[in-house]
Peer 1: 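Provided herewith is a single structure, encoded as structure tokens, for subsequent inquiry.
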Amino acid sequence: MLETKYDHKKVEENKYKTWKEKGYFNAGDMSKKPFTIVIPPPNVTGKLHLGHAWDTSIQDVIIRYKRMCGYDALWLPGMDHAGIATQAKVDRKLKDEGINPREMDRDEWLKRAWAWKDEYAENIHDQWAKLGLSLDYTKERFTLDDGLSRAVREVFVKLYNEGLIYRGERIINWDPEAKTALSNEEVIYKDVKGAFYHIKYFIEGTDEFLEVATTRPETLFGDTAVAVNPEDERYKHLIGKNVILPIVEKKIPIIGDEHADMEFGTGIVKITPAHDPNDFEVGVRHNLERVVIMNPDATMNELCKEYAGMDRFTCREKVVERLEKDGLLIEIEEITHNVGHSERTDVMVEPYLSKQWFVKMRPLADAVLENQKNKDTKVNFVPERFEKIMNHWMEITYDWCISRQLWWGHRIPAWYKGDEVYVGMEAPDGEGWIQDADVLDTWFSSALWPFSTLDWPIKSELLDRYYPNDCLVTGYDIIPFWVNRMTFQGLHFTGKRPFKDCVIHGLIRDKQGRKMSKSLGNGVDPMDVIEKYGADALRYYLVTEVSGGMDLKYDEEKLASTWNFINKLWNASRFVLMNIEDLKEEEYTLENLKIEDKWILSKLDHTIKDVRRYLDKYEFNNAGASLYGFIWECFCDNYIEMSKFSSDDVTTKSVLYHVLSSILKLISPFMPYVSEEIYSMLPFKDEESVTISKYPETDSKNEYSTNTVDDMIEFIKTFRTFKLENKIGKDFGVKYNVDGDYRLIQNMLRIGGNEIINREYNSSHDVIYKDYSIKVLYDKDDEGDSETLKKRIAELKSSITRRQNLLANEGYTSKAPKNIVDAEREKLKEEEEELKRIKG
RNA sequence: GGGCGCUUAGCUCAGUUGGUUAGAGCAUCUGCCUUACAAGCAGAGGGUCUGGGGUUCGAGUCCCUAAGCGCCCACCA
């Protein structure tokens with residue numbers, strides 16, 4: 001028998017291991033229709049956070065539901081090598097050991113990185129297990145696996161041969177800490193206090209100067225022109241002349257270019273083509289020299305005279321001091337502006353001229369935009385609005401910088417010999433070829449995840465059967481990084497969308513609404529939550545708390561209340577199990593149903609219908625609310641109470657059994673542990689585990705009208721309210737004013753017998769609801785109608801007036817749908833009758 | 001600058017294609033140890049749905065508009 005209290009620790013012990021050993025999570029039943037989800041691979045950098053718990057819980061609910069619905073459900077697990085993030089962590093660890101990672105042999109370093117990966121992958125496995133995720137580990141993948149690496153090379157080589165990958169010298173976002181290029185998506189813009197330095201650039205051979213305003217005076221070493229707008233009346237006559245570059249004392253031309261905004265600042269811009277993306281474009285138009293003035297670590301290089309070797313920020317100070325001394329500094333205007341920072345290392349990104357590999361995005365993005373117009377082949381976002389985010393990105397996207405100056409990742413399959421470049425799956429024959437030292441952006445391999453995990457480019461059974469994936473679940477924050485890229489790569493290489501549905505959830509925030517982050521220290525470890533409330537509570541809370549796509553404010557009180565809900569289910573089960581202990585399978589029957597049996601079976605049927613409908617639409621909050629209401633209100637508060645008066649009846653037992661086992665199945669995708677625990681204690685069952693049982697289906701046999709019992713319940717409530725408001729204790733009498741079936745009402749109110757009048761009372765009151773009317777006899781000191789009665793009369797009167805007015809309105813009766821108007825008339829009639837009865 | 005979201009009970013959130021008197025959990029108040037559960041039960045109170053305008057017989061829901069909060073994208077010499 002069950003303990004009186006739900007103990008999540010006991011319940012969640014050992015079950016996962018059994019499920020895994022039994023192979024419940026393994027896909028491959030070819031007789032069934034496949035349903036696939038591929039997990040968003042977590043980074044092997046560390047622990048899973050609450051966001052992962054949310055993301056994976058949603059997926060587990062979907063996949064368990066589909067599995068129970070009879071699909072060959074594959075949920076493929078895997079992890080991401082997470083290039084820059086992992087490399088930074090491994091480097092830090094090495095530094096802590098006193099080792100300079102960049103002085104290590106590359107292969108030695110990689111050994112350390114793989115050791116790190118193994119360690120953290122185990123952590124993640126443990127956490128997945130605690131969460132109870134039904135992953136098919138036989139198909140687990142890692143982005144650096146041989147197969148996936150092959151897929152990466154294949155894609156690189158093909159895109160290169162198609163002219164969609166190229167190598168070029170461009171201004172890229174440079175992370176001086178990690179010393180690597182970054183993509184635009186890896187740059188976070190933050191408001192930073194800075195200044196406009198107004199500097200005099202003297203016009204060659206004159207005493208006149210141009211007032212140039214810049215936020216980055218230290219880059220003047222790389223200036224190769226000064227631009228004014230060609231339409232600018234103030235300066236256009238100067239175009240073609242030269243200015244003397246301060247400190248450097250070099251002549252540079254004044255050019256006319258539309259990049260110079262007449263309205264902004266002084267209208268004069270210094271042009272530094274090697275250190276600013278806009279200036280780079282200007283440089284291309286005017287054929288300007290590109291002078292790189294920094295080293296990869298963002299210190300100034302040898303072109304910067306005595307400033308060489310200085311950090312860029314120190315250099316700025318020194319240059320400003322020097323300009324001031326030379327009388328070239330006009331003004332320092334303090335401003336706040338947006339400056340790019342590296343997503344991973346948080347250092348200020350340096351726009352930097354360097355040779356990198358790029359994916360030419362335009363044709364790939366256009367293909368996505370085209371495909372999204374086709375209802376049958378598009379990626380369906382849930383909620384729909386997130387499609388706009390992808391489409392917008394596709395519209396404005398520009399070439400993707402994919403090379404990273406890191407060690408941890410897929411080596412770029414390009415080899416160089418002098419000026420020759422070879423791109424191929426394997427190293428070219430012949431002597432003297434040197435492979436590109438760089439690796440690919442992590443997201444390059446992630447972009448292939450939906451099919452590279454299924455053996456692509458090998459045309460295997462896996463790929464054939466499980467691709468496209470049915471569903472992808474992820475947060476809206478990684479649509480640009482990942483969803484978009486999977487979509488264009490999927491389309492380009494398989495000719496199909498990578499997944500049919502893309503279910504988007506929000507971010508987890510703290511109680512104040514702030515994003516959870518390491519720096520704020522407001523993060524919550526899902527393992528701590530599981531320790532305290534159990535995985536079932538955490539899962540149910542996360543999955544059902546908010547509607548789709550919304551952020552979730554983490555609130556521990558809600559977990560406590562979810563725990564209470566499970567405890568309620570636990571105790572209801574305890575009651576049922578106690579009552580059906582002796583129920584034999586062969587006795588089980590749903591014949592000879594009493595009215596309350598029909599009522600609960602019908603309510604169950606509705607719940608099944610709702611939950612299925614909501615789950616099919618990925619509306620987990622609605623599914624949760626539906627289950628919660630059914631379990632607590634319909635089953636516990638009403639049916640169980642009613643059943644206590646016919647507990648020896650084999651039909652009652654059968655109904656209790658039927659409803660409980662249905663509840664366990666319905667809730668199993670959300671709460672796999674507790675449902676399993678209780679299911680295992682049923683006297684007989686369809687399957688050895690609820691995990692592999694069949695998800696309940698609606699049954700037209702159970703479509704009974706629930707009105708009668710609903711009305712009785714309303715009557716019971718009215719009666720109780722009356723008693724409470726009039727402080728009536730146990731001493732009162734009742735008289736039945738109207739004939740009818742009062743059995744349930746009597747039982748629930750414990751007023752057994754048709755008539756109880758123990759003695760004379762000085763007061764009485766009719767409690768009436770719809771077809772039921774009971775006179776309550778009691779002692780009362782003061783006179784007059786009871787509050788309950790007054791309230792009901794007032795309620796009825798106002799409602800009747802409202803309905804009369806509504807029905808008198810011709811616009812309403814002529815334009816509103818007939819069934820709604822009829823229902824209105826019907827209700828009016830009922831209320832009028834009730835009022836008449838009350839007033840006697 | 002462009003776009004998106006949010007604003008509903010004290011708090012956290014639901015609210016299907018417009019259709020009774022807007023719901024839930026927590027919190028509050030009242031009464032209960034009623035043998036499944038006091039982490040519970042039975043009740044109660046609490047909302048001019050951010051403001052303004054419009055469409056409609058009818059608006060929390062659709063349209064316009066204003067405000068506050070949050071996010072995304074772009075620009076910022």
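Convention: sequence-line order gives letters A, B, ...; per-chain numbering from 1.
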Peer 1: Any donor-acceptor pair under 3.5 Å linking the side-chain atoms of A:Q804 with those of A:T801?
Peer 2: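 Looking only at side-chain atoms, A:Q804 and A:T801 do not form any donor-acceptor pair under 3.5 Å.
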Peer 1: Does A:K553 have any salt bridge (charged side-chain N to carboxylate O under 4.0 Å, His left out) partners at least two apart in sequence or in another chain, and if so, which?
Peer 2: none
Peer 1: In whole Å, what separates the P atom of B:A9 from that of B:G51?
Peer 2: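 Roughly 11 Å separates the two P atoms.
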Peer 1: Establish whether the base of B:C37 is bridged to the side chain of A:K568 by a donor-acceptor pair shorter than 3.5 Å.
Peer 2: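 Check passes, donor-acceptor contact within cut-off.
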Peer 1: Out of B:C57, B:C26, B:C73, which nucleotide sits closest to the side chain of A:A816?
Peer 2: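 Out of B:C57, B:C26, B:C73, the nucleotide with an atom closest to A:A816's side chain is B:C57.
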Peer 1: The side chain of A:K5 is closest to which nucleotide in this list: B:A36, B:A39, B:C73?
Peer 2: B:A39
Peer 1: At less than 4.0 Å, is any side-chain N or O atom of A:S561 found next to OP1 or OP2 of B:C26? Yes or no.
Peer 2: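 For B:C26, OP1/OP2 do not have a side-chain N/O of A:S561 under 4.0 Å.
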Peer 1: Counting side-chain heavy atoms from CB outward, which of B:A39, B:A14, B:U56 is closest to A:N621?
Peer 2: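 Among B:A39, B:A14, B:U56, the one nearest the side chain of A:N621 is B:A14.
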Peer 1: With sugar-phosphate meaning primed atoms plus P, OP1 and OP2, does A:D261 contact a base, only sugar-phosphate, or nothing at under 4.0 Å between heavy atoms?
Peer 2: base
Peer 1: Under the ring-ring contact (aromatic ring centres under 6.0 Å, His included) test, which residues partner A:Y352, sequence neighbours left out?
Peer 2: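 Listed in chain order: A:W174.
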Peer 1: If the C1' atom of B:G60 is compared with that of B:C13, how far apart are they to the nearest Å?
Peer 2: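 Nearest-Å result for B:G60 against B:C13 at atom C1': 15 Å.
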Peer 1: Determine the Euclidean distance between corresponding C1' atoms of B:C73 and B:A59; express it in Å to zero decimal places.
Peer 2: 33 Å
Peer 1: Phosphate oxygens OP1/OP2 of B:C71: is one of them under 4.0 Å from a side-chain N or O of A:K515?
Peer 2: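 No.
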Peer 1: Starting from C1' on B:A42, measure out to CZ on A:R750 and report it in whole angstrom.
Peer 2: 11 Å
Peer 1: Which one, B:U12, B:U20, B:A42, comes nearest to the side chain of A:R720?
Peer 2: B:A42
Peer 1: Does the base of B:U12 carry an N or O that pairs as donor and acceptor with the side chain of A:K558 under 3.5 Å?
Peer 2: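 Under the 3.5 Å cut-off, the side chain and the base do form a donor-acceptor pair.
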Peer 1: Of the candidate nucleotides B:G31, B:A39, B:A36, which contains the atom at the shortest distance from the side chain of A:L724?
Peer 2: B:G31
Peer 1: Counting only side-chain heavy atoms from C-beta out, which of B:C76, B:G40, B:G5 sits nearest to A:N564?
Peer 2: B:G40
Peer 1: With a sphere of 6.0 Å drawn around CD of A:E231, does it hold more than 12 non-hydrogen atoms of other residues, nucleotides or ligands?
Peer 2: no
Peer 1: When you compare B:U48 with B:G10, how far apart are their P atoms, in angstrom units rounded to a whole number?
Peer 2: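 The same atom, P, in both gives a distance of 8 Å.
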Peer 1: Expressed in whole Å, how much space separates the P atoms belonging to B:C71 and B:C62?
Peer 2: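 It works out to 25 Å between them.
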Peer 1: Determine the Euclidean distance between corresponding C1' atoms of B:G19 and B:U61; express it in Å to zero decimal places.
Peer 2: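 These two C1' atoms come out 11 Å apart once rounded.
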Peer 1: Determine whether A:F196 and A:I332 make a side-chain contact, defined as any pair of heavy atoms from C-beta on separated by less than 4.5 Å.
Peer 2: no
Peer 1: Which value, in whole Å, describes the distance between the P atoms of nucleotides B:G58 and B:G53?
Peer 2: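 Result for the P pair: 16 Å, nearest Å.
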Peer 1: Please classify the nucleic acid contact of A:Y189 as base, sugar-phosphate, or nothing, using heavy-atom distances under 4.0 Å.
Peer 2: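 Answer is base: heavy atoms of A:Y189 come under 4.0 Å of a base.
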Peer 1: Counting heavy atoms from C-beta on, name the nucleotide in B:A14, B:G70, B:C73 closest to the side chain of A:R509.
Peer 2: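 Closest nucleotide among those given: B:G70.
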Peer 1: At 4.0 Å (heavy atoms only), tell me whether A:N278 reaches a base, stays on the sugar-phosphate, or touches nothing.
Peer 2: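 If one applies the 4.0 Å heavy-atom cut-off, A:N278 turns out to touch the sugar-phosphate alone, with no base involved.
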Peer 1: How long is the line joining CG of A:N391 and P of B:C4, in whole Å?
Peer 2: 13 Å
Peer 1: Which nucleotide wins on minimum distance to the side chain of A:K553, given the candidates B:G25, B:G15, B:U12?
Peer 2: B:U12
Peer 1: Is A:E832 atom CD crowded by more than 12 heavy atoms from other residues, nucleotides or ligands, each under 6.0 Å away?
Peer 2: yes
Peer 1: Mind calculating the distance between NZ (A:K727) and P (B:G43) to the nearest angstrom?
Peer 2: 17 Å
Peer 1: Out of B:C4, B:G15, B:U12, which nucleotide sits closest to the side chain of A:R385?
Peer 2: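 Nearest nucleotide to the side chain: B:C4.
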Peer 1: As a check on the pairing definition, encode RNA chain B in dot-bracket form, counting Watson-Crick and G-U wobble pairs whose two distances are under 3.5 Å, and using | for partners outside this strand.
Peer 2: (((((((..((((.....[...)))).(((((.......))))).....(((((..]....))))))))))))....
Peer 1: Is there a donor and acceptor pair, one atom on the side chain of A:E633 and one on the base of B:A24, closer than 3.5 Å?
Peer 2: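 Looking at the base of B:A24, it does not pair with any donor or acceptor on the side chain of A:E633 (distance under 3.5 Å).
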Peer 1: Determine whether the aromatic ring centres of A:Y189 and A:H341 lie less than 6.0 Å apart.
Peer 2: no
Peer 1: What is the separation between atom CD on A:E545 and atom C1' on B:A24, rounded to the nearest whole Å?
Peer 2: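 Taking CD of A:E545 and C1' of B:A24, I get 11 Å after rounding.
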Peer 1: If only side-chain N and O atoms of A:T721 are considered, is one of them under 4.0 Å from the OP1 or OP2 phosphate oxygen of B:A44?
Peer 2: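 For B:A44, OP1/OP2 do have a side-chain N/O of A:T721 under 4.0 Å.
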Peer 1: Counting the benzene-type ring for Trp, do A:F620 and A:F670 have ring centres under 6.0 Å apart?
Peer 2: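 So the answer is no for these two rings.
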Peer 1: Do the side chain of A:R803 and the base of B:U20 come within less than 3.5 angstrom through a donor-acceptor pair of N or O atoms?
Peer 2: yes
Peer 1: With P as the reference atom in both, quote the distance from B:U8 to B:U50 in angstrom, rounded to an integer.
Peer 2: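 It comes out at 6 Å once rounded to the nearest Å.
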Peer 1: Can a cation-pi geometry be assigned to A:K558 and A:Y541, taking NZ or CZ under 6.0 Å from the six-membered ring centre and within 45° of the ring axis?
Peer 2: no
Peer 1: Counting side-chain heavy atoms from C-beta on, which of B:A36, B:C41, B:C6 comes nearest to A:W632?
Peer 2: B:C41
